[in-house]
Amino acid sequence: MPIVSENPLIEILSPEEQHDRFDINYYLPEFIHAERYIENCDIELTTLGDVMTDDASYGVLPPSSSYLEEGGISLVRSSNVSNSGIDYESAVRVPSEWINSERARIKSNDVLISIKGARAFFDMCVASDNPPDAIVNGSIFRFQCKEDFDPKFVVLWLLSEPIQSLVFRERANLGISYISSDVLSSIPFPKLSMQEQRNILIAHAQCIKSLGLFGDQIEVLENKIRESSSDLSQVFSDALELSPIQKPVEKRVFLSRQDRSVERLDVKGNQESLLNMVAELKTNTNFRSLNTIADYINNGAASREYCDSEDDGARRYLLVADVKNGKITDDKPVFVSSTSYSRKLSNELLLFTRKGTVGEVAIPTEEHADFIPCSEIMLIGLSSISNAGRELIRVFFLTEYGRLQVFYNCSGGQMPSISQDRVGDIMVPHVPEKQCESILSRCRVIFDKTENINREKRDVINKRSELMDVLSSDLLGLLGPDFVANYQKQVKEALQ
């Protein structure tokens, strides 16, 4: 199978940019971009070694046999350090005499960097002005900054994307499990005045506040989308005489009474709200079970070997992830080579995901005719029903009435699934075409409203992502006199 990538895995570099390295990982795009950012920096650079005072050092390694249940002092390990600070409460305790180890004792405004483990060089922070008696172990590198450097700016610079990439590049190619002091000391560092460092810290804090405002706006829009989903259910409730939705209460066990026994032993199959809803749908004359109106309910094709979209006989292979929100998406298309699969998809079918993300539906169009659905997608033949009737069923599965029925009929486990028989038991609307059109007309108004909200949400997410990219990839850009003002203006416009 050919390797397909939107971006090249490596770049063709000029001789001046090549190193005496032959491993491909050294030339990954993010590493090259980080290297170019540093080389093209307009600000004079020094190294982190010139920022540290002479007492910079790794911690110590008290034997585990010396750990105490209580008393003593805290031994701070990598797991106790994060970007938000030091968690002394969860640190192990060691005898108080270990505080005499000057190289390991945590001092006021120390910079602590995790240098071992999966989160090495990402978990780092500045100690408080008056830290408690504590020491760091050998998985942490600690140092004091010289008087011309703000430790908070030092940590912010080390967490920036270019520096993270450069250090990860060295770590990935050194073949050792920790970051050496030589690597740390050689990290490029900008020569900025104390005021410039603090200006960047202030600008960064203001931008972080803006990110929070973006997040608040996204939450508001998501609430509106949820309200639209409730409006969709209300349309079916009003038109088809259904009781309001009562969502099942998870983690509460309901015992079936003898007069309400079912063949289900799992908790969700015996919740009163689900039982009542299913019972009501079965007695509602506007509903029929799928197995009474479907021509067939079959699974899709077995898995096949993927190929490139340009290969002979290549056909789009529909995965569960391709069926989302009532549509067939093109987010990450994959292809298979197949001449033996003869079935054509049409708008007389309802696609239904039966495993993993269960209950997603879509109706194929002409452009999907040659697509091959995977075996985790069911094909429900509905040729005896009008186009409006099929569309009404598709929309119904997007409501809480449809989703809760899927939930009711699913089997549990780590990978949820639903059998063909259970899909056939699901009750769906079956009403005259004129009534279908009337309900769909009301639903389209809601869909248009929801699409507008989603479009606004995407715009806010994109603006937030742009700001996050700038904060992580070009920290020095915050020195620009108009940077913060411009972004505050964009935030204001986005939130109006």
Side-chain angles (χ1 to χ4, degrees), residues 1-7 225 229 232 290 294 296-383 387 390-399 402-403 405-407 409-411 413-420 422-423 426 428 443 447 450-451 454-455 457-458 461:
M1 172 184 144
I3 296 176
V4 180
S5 175
E6 295 180 2
N7 299 308
I225 292 171
S229 178
L232 199 63
L290 268 175
Y296 54 83
I297 302 177
N298 296 330
N299 292 338
S303 59
R304 288 165 162 75
E305 184 177 351
Y306 293 174
C307 70
D308 189 82
S309 59
E310 304 299 325
D311 289 354
D312 292 338
R315 294 173 64 178
R316 172 76 183 276
Y317 193 53
L318 274 184
L319 303 175
V320 169
D322 296 325
V323 183
K324 188 185 305 179
N325 298 326
K327 302 175 182 178
I328 295 174
T329 69
D330 294 314
D331 295 342
K332 295 181 179 179
V334 297
F335 297 84
V336 295
S337 180
S338 177
T339 56
S340 59
Y341 190 80
S342 58
R343 183 188 295 275
K344 294 281 188 179
L345 300 186
S346 71
N347 63 356
E348 294 183 349
L349 291 171
L350 179 73
L351 303 182
F352 182 98
T353 59
R354 69 174 186 86
K355 195 171 184 179
T357 305
V358 180
E360 293 289 347
V361 296
I363 293 177
T365 62
E366 289 184 5
E367 66 178 293
H368 306 130
D370 290 327
F371 288 18
I372 301 177
C374 70
S375 59
E376 282 75 34
I377 296 177
M378 287 185 183
L379 284 68
I380 303 175
L382 297 173
S383 62
N387 290 338
R390 288 191 292 272
E391 176 65 6
L392 188 67
I393 292 173
R394 182 190 73 87
V395 174
F396 179 74
F397 273 108
L398 302 179
T399 70
R403 294 192 185 282
Q405 281 194 89
V406 173
F407 174 75
N409 284 285
C410 270
S411 61
Q414 292 182 338
M415 180 67 74
S417 63
I418 188 170
S419 66
Q420 291 181 4
R422 285 290 184 185
V423 172
I426 293 175
V428 295
C443 291
F447 287 143
T450 304
E451 179 56 34
N454 275 318
R455 189 180 299 112
K457 177 185 170 183
R458 286 192 295 270
I461 289 174

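Computation of the quantities below employed the complete heavy-atom set of this structure, encompassing side-chain atoms and omitting hydrogens, waters and symmetry-equivalent molecules.
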At their closest point, which heavy atom of [X] faces which heavy atom of [Y], and how far apart are they?
| X | Y | value |
| --- | --- | --- |
| P373 | Y341 | CD-OH, 3.7 Å |
| A321 | T329 | O-OG1, 3.9 Å |
| V323 | T353 | CB-CG2, 3.9 Å |
| D312 | S337 | O-OG, 3.5 Å |
| C410 | V358 | SG-CG1, 3.5 Å |
| M378 | I418 | CE-O, 3.5 Å |

Donor-acceptor check, side chain of [X] to backbone of [Y], threshold 3.5 angstrom: yes or no?
| X | Y | answer |
| --- | --- | --- |
| R343 | G300 | no |
| R354 | N299 | no |
| E360 | N325 | yes |

Worksheet item: Between F447 and V395, does a side chain to side chain contact (heavy atoms under 4.5 Å, CB included) hold up when you go through it step by step?
Response: CA-CA 10 Å; F447 287 143; V395 174; 3.8 Å; yes
I need the [X] [atom1] to [Y] [atom2] distance, nearest 0.5 Å.
| X | Y | atom1 | atom2 | value |
| --- | --- | --- | --- | --- |
| I426 | F352 | CD1 | CZ | 4.5 Å |
| L345 | I328 | CG | CD1 | 7.0 Å |
| S346 | E366 | OG | CD | 10.0 Å |
| K327 | R394 | NZ | CZ | 7.5 Å |
| C443 | F396 | SG | CZ | 11.0 Å |
| L318 | L379 | CG | CG | 9.5 Å |

Beyond-backbone contact of [X] with [Y], side-chain heavy atoms, under 4.5 angstrom:
| X | Y | value |
| --- | --- | --- |
| D311 | F335 | no |
| E348 | N387 | no |
| K324 | D331 | yes |
| L349 | I363 | no |
| N347 | R390 | yes |
| L351 | V361 | no |

Item to complete: Using the side chain to side chain contact (heavy atoms under 4.5 Å, CB included) rule, pick out the option among L290, V406, N409 that qualifies with R422.
Response: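 It is N409; the other options fail the test.
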Practice prompt. List the steps and the verdict of side chain to side chain contact (heavy atoms under 4.5 Å, CB included) for R316 and D322.
Written response: CA-CA 11 Å; R316 172 76 183 276; D322 296 325; 3.5 Å; yes
